[in-house]
Student: 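Sharing a structure below in structure tokens format, with a few things to ask.
Read the numbers this way: they start at 1 and go in the same order the structure lists the ligands and their atoms.
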Amino acid sequence: MVKPQLTIQLSDAHRIPQVGLGVWQASDEEARAAVCVALEEGYRHVDTASIYGNEKGVGGGIRDAGIARERVFLTTKIWNDAHGYDAATAALDESLKRLKVEYIDLLLIHWPAPSQNNFVDTWLALIDAQRNSKARSIGVSNFNEDHLQRLVDETGVAPVLNQIELHPLMQQEALRKANESMGIATQSWSPLGQGSALSNPVILDIAEKHGRTAAQIIVRWHIEIGLIAIPKSITPSRIRENFNVFDFTLDKSDLAAVAALDSAKRLGPDPSTFA
Ligand code: NAD
């Protein structure tokens, strides 16, 4: 039986499950096993990238789980060394081959890499990939407001989603608002702050109040403020724990307490300089 899960409708009318499995820093074999466990547990959304080096494992995990391809929402990303129309098109074909799938549900430009000044041409490749049915939805990752605006101004096509670093210690309120004003869904990478937010005393207090774990409180927080979260784990018990979040809610005081934790400190690189 598939557990109930919340989904968000993207601006192109496709729906994305609000909780997915992240697999950064997992080997092919680890990703394969983790994806299989996650799908058996009820996840229907997996986030990988060509740079993670585990697309083969992710595709294998989907096949191992025996879940029909069209029931899994699969994301991959075009890396910084494949910017430009031709390179991005070729990189997508390589990802499809490694994953052994005919289409990607959500194809993202991984970083804007503004010093290359080539993300608009890369975006044109994604627009064509969608026209050619190789990608159902197209979006970006780590784009600031000015990068998003450039895509819209120069191509007339807005991404459906922007995947950005977002967790209780880095809440990105301004960029969330900018995304929303352009009809772009916000997806949270490192939603648990790479584990660093799990020992926060405010989170631990809320966890105790609800009889939940810190990870469950944080995943639930992303859901309740309208985000899409992709917590990473390769440990079966944690994969289960992070998905067991659909039978409780946070109250106003919980949400206010988490909102006050924002320290606007990045764990990852700055998108305006990372190349
Ligand atoms: P995360 O915030 O998901 O935290 C993962 C860490 O928390 C791991 O060390 C894991 O062992 C631990 N953890 C997970 N569940 C736990 C639990 N229930 N209890 C205790 N510890 C637990 O960090 P992440 O992996 O950086 O981010 C998640 C996903 O986001 C990645 O796997 C990847 O798919 C994506 N991502 C995207 C970008 C990007 O540039 N687009 C960058 C980083 C990550």
Side-chain angles (χ1 to χ4, degrees), residues 16-28 30-31 33-35 37-38 41 43 45-55 57-58 61 73-80 95 99 104-113 119 139-144 147 159 161-172 175 179 185-200 203-204 207 212-222 227-245 261 265-275:
I16 181 169
Q18 267 188 287
V19 181
L21 180 74
V23 294
W24 180 38
Q25 294 176 316
S27 68
D28 261 322
E30 288 168 335
V35 166
V37 166
E41 187 55 27
Y43 284 73
H45 171 185
V46 181
D47 181 90
T48 185
S50 56
I51 193 68
Y52 300 169
N54 58 23
E55 289 175 310
V58 167
F73 190 101
L74 177 60
T75 299
T76 197
K77 314 183 189 87
I78 302 290
W79 186 240
N80 301 350
S95 285
L99 287 157
I104 304 297
D105 290 276
L106 177 61
L107 180 64
L108 304 178
I109 302 178
H110 207 143
W111 291 86
F119 64 75
V140 295
S141 179
N142 301 301
F143 274 47
N144 289 338
H147 307 133
L161 176 147
N162 189 11
Q163 182 184 118
I164 56 175
E165 178 180 345
L166 205 164
H167 44 80
L169 309 175
M170 173 73 186
Q171 300 188 16
Q172 300 260 30
L175 189 48
N179 287 341
T186 302
Q187 182 169 44
S188 310
W189 66 250
S190 295
L192 307 174
Q194 297 175 1
S196 65
L198 295 172
S199 53
N200 183 283
I203 301 288
L204 289 170
R212 295 286 171 156
T213 67
Q216 288 171 328
I217 297 301
I218 296 175
V219 174
R220 186 72 210 179
W221 171 77
H222 288 275
L227 304 170
I228 301 146
I230 43 173
K232 183 248 176 165
S233 179
I234 55 168
T235 307
S237 59
R238 288 177 173 175
I239 292 173
R240 270 180 219 114
E241 176 184 327
N242 297 345
F243 197 67
N244 191 5
V245 290
L261 294 178
K265 270 200 205 121
R266 290 183 193 282
L267 296 168
D270 181 342
S272 58
T273 51
F274 188 59

Student: Among protein heavy atoms, which lies nearest atom 43 (C) of ligand 1, and at what distance?
Tutor: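 Going atom by atom, the protein heavy atom closest to atom 43 (C) of ligand 1 ends up being Trp189 CE3, 3.1 Å.
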Student: Give the atom numbers and elements of ligand 1 that come within less than 4.0 Å of a heavy atom of Ile230.
Tutor: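 So the answer, numbered in order with elements, is 28 (C), 29 (C), 30 (O), 35 (C).
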Student: What part of Ser141, side chain from CB on, backbone N/CA/C/O, both or neither, has a heavy atom under 4.0 Å from ligand 1?
Tutor: side chain
Student: Would you please name every residue forming a ring pair (Phe, Tyr, Trp, His ring centres under 6.0 Å) with Tyr43, sequence neighbours left out?
Tutor: Phe243
Student: Among all the protein's non-hydrogen atoms, which is closest to atom 24 (P) of ligand 1, and how far away is it?
Tutor: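 Checked against all protein heavy atoms, atom 24 (P) of ligand 1 sits closest to Ser190 OG, 3.6 Å.
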Student: Decide whether an N or O pair under 3.5 Å exists between Ser233 and ligand 1.
Tutor: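 No; every N/O pair is 3.5 Å or more apart.
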Student: Side chain of Ser141, backbone of Gln163: donor and acceptor closer than 3.5 Å?
Tutor: yes
Student: Just need the protein heavy atom nearest to atom 31 (C) of ligand 1, so name the residue and atom and give the distance.
Tutor: Trp24 CB, 3.5 Å
Student: Mark yes or no for whether Glu165, through its side chain, and Leu267, through its backbone, hold a donor-acceptor pair below 3.5 Å.
Tutor: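 Yes.
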Student: Select one of side chain, backbone, both or neither to describe which atoms of Thr213 lie under 4.0 Å from any atom of ligand 1, heavy atoms only.
Tutor: neither
Student: Apply ring pair (Phe, Tyr, Trp, His ring centres under 6.0 Å) to His222 and list each qualifying residue two or more places apart in sequence or on a separate chain.
Tutor: none
Student: Do you know which two heavy atoms are closest between Pro168 and Ile203, and how far apart they sit?
Tutor: CG-CD1, 4.3 Å
Student: Tell me whether Gly193 reaches ligand 1 (any heavy atom closer than 4.0 angstrom to a ligand atom).
Tutor: yes
Student: Considering the heavy atoms of Leu198, write down every atom of ligand 1 situated less than 4.0 Å from one of them.
Tutor: 20 (C), 21 (N), 22 (C)
Student: Identify, by atom number and element, the atoms of ligand 1 in contact range of Pro231, meaning under 4.0 Å from any of its heavy atoms.
Tutor: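 Per the distance check, 3 (O).
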Student: Note the single closest protein heavy atom to atom 18 (N) of ligand 1, along with its residue, its atom name and the distance in Å.
Tutor: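 For atom 18 (N) of ligand 1, the nearest protein heavy atom comes out as Asn242 OD1, 2.9 Å.
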Student: Looking at every non-hydrogen atom in both residues, tell me the closest pair between Lys77 and Thr48 and how far apart they are.
Tutor: NZ-O, 3.0 Å
Student: Could you report the tightest heavy-atom contact between Leu192 and Pro231, atom names first, then the distance?
Tutor: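 Minimum heavy-atom separation between Leu192 and Pro231: CD1-CB, 4.1 Å.
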Student: Answer side chain, backbone, both or neither: which part of Glu241 comes under 4.0 Å from ligand 1, heavy atoms only.
Tutor: side chain
Student: What are the two closest non-hydrogen atoms of Glu55 and Thr76, and how far apart are they?
Tutor: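 Where Glu55 meets Thr76 most closely, the heavy atoms are OE2-OG1, 2.6 Å.
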Student: Go through ligand 1 atom by atom and flag the ones less than 4.0 Å from a non-hydrogen atom of Ala215.
Tutor: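 Answer for ligand 1: 17 (C), 18 (N).
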Student: May I ask you to list the atoms of ligand 1 that are less than 4.0 angstrom from any heavy atom of Trp111?
Tutor: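 Near Trp111, the atoms of ligand 1 are 40 (O).
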Student: Starting from atom 16 (C) of ligand 1, find the nearest protein heavy-atom neighbour and note its residue, name and distance.
Tutor: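 Of the protein heavy atoms, Arg238 CD, 3.6 Å lies nearest.
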Student: Heavy atom under 4.0 Å from ligand 1: found in Thr235's side chain, backbone, both, or neither?
Tutor: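 The answer is neither; Thr235 stays 4.0 Å or more away.
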Student: Examine distances only and state if a side-chain atom of Lys232 and a backbone atom of Leu21 form a donor-acceptor pair shorter than 3.5 Å.
Tutor: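 Such a contact is absent between Lys232 side chain and Leu21 backbone.
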Student: So His147 and Pro159, do their side chains get closer than 4.5 Å, heavy atoms only?
Tutor: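 Side-chain contact under 4.5 Å: no.
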Student: Give yes or no for whether the N/O distance cutoff of 3.5 Å, strictly under, is met between Leu192 and ligand 1.
Tutor: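 Leu192 vs ligand 1: N/O contact under 3.5 Å present.
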Student: Asn54 side chain to Val23 main-chain N or O, any donor-acceptor pair under 3.5 Å?
Tutor: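 Answer holds: yes.
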Student: Record the part of Ala49 in heavy-atom contact with ligand 1 below 4.0 Å; permitted values are side chain, backbone, both and neither.
Tutor: neither
Student: Which of the numbered atoms in ligand 1 are under 4.0 angstrom from any heavy atom belonging to Gly22?
Tutor: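 Result: 29 (C), 32 (O), 34 (O).
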Student: Can you name the atoms of ligand 1, numbered from 1 with element, that are less than 4.0 Å from a heavy atom of Tyr52?
Tutor: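 Here the atoms of ligand 1 in question are 33 (C), 34 (O), 35 (C), 36 (N), 37 (C), 38 (C).
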Student: Please name the pair of heavy atoms, one in Gln172 and one in Arg266, separated by the smallest distance, quoted to 0.1 Å.
Tutor: NE2-NH1, 4.1 Å
Student: Show the atoms of ligand 1 that are less than 4.0 angstrom away from any heavy atom in Asp47.
Tutor: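 Here the atoms of ligand 1 in question are 33 (C), 34 (O), 35 (C).
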Student: Please give me the minimum heavy-atom distance between Arg212 and Ile217, naming the atom from each residue.
Tutor: CB-CD1, 3.9 Å
Student: Could you tell me whether Lys232 and ligand 1 have an N or O pair separated by under 3.5 Å?
Tutor: yes
Student: Where the closest heavy atom to atom 40 (O) of ligand 1 is concerned, which of Asn142, Leu166, Ile218 has it?
Tutor: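 Selected option, by shortest heavy-atom distance: Asn142.
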Student: Could you check if a side-chain atom of Trp111 sits within less than 4.5 angstrom of a side-chain atom of Phe143, using non-hydrogen atoms only?
Tutor: no
Student: Should the proximity of Gln194 to ligand 1, defined as any heavy atom under 4.0 Å, be assigned to the side chain, the backbone, both, or neither?
Tutor: both
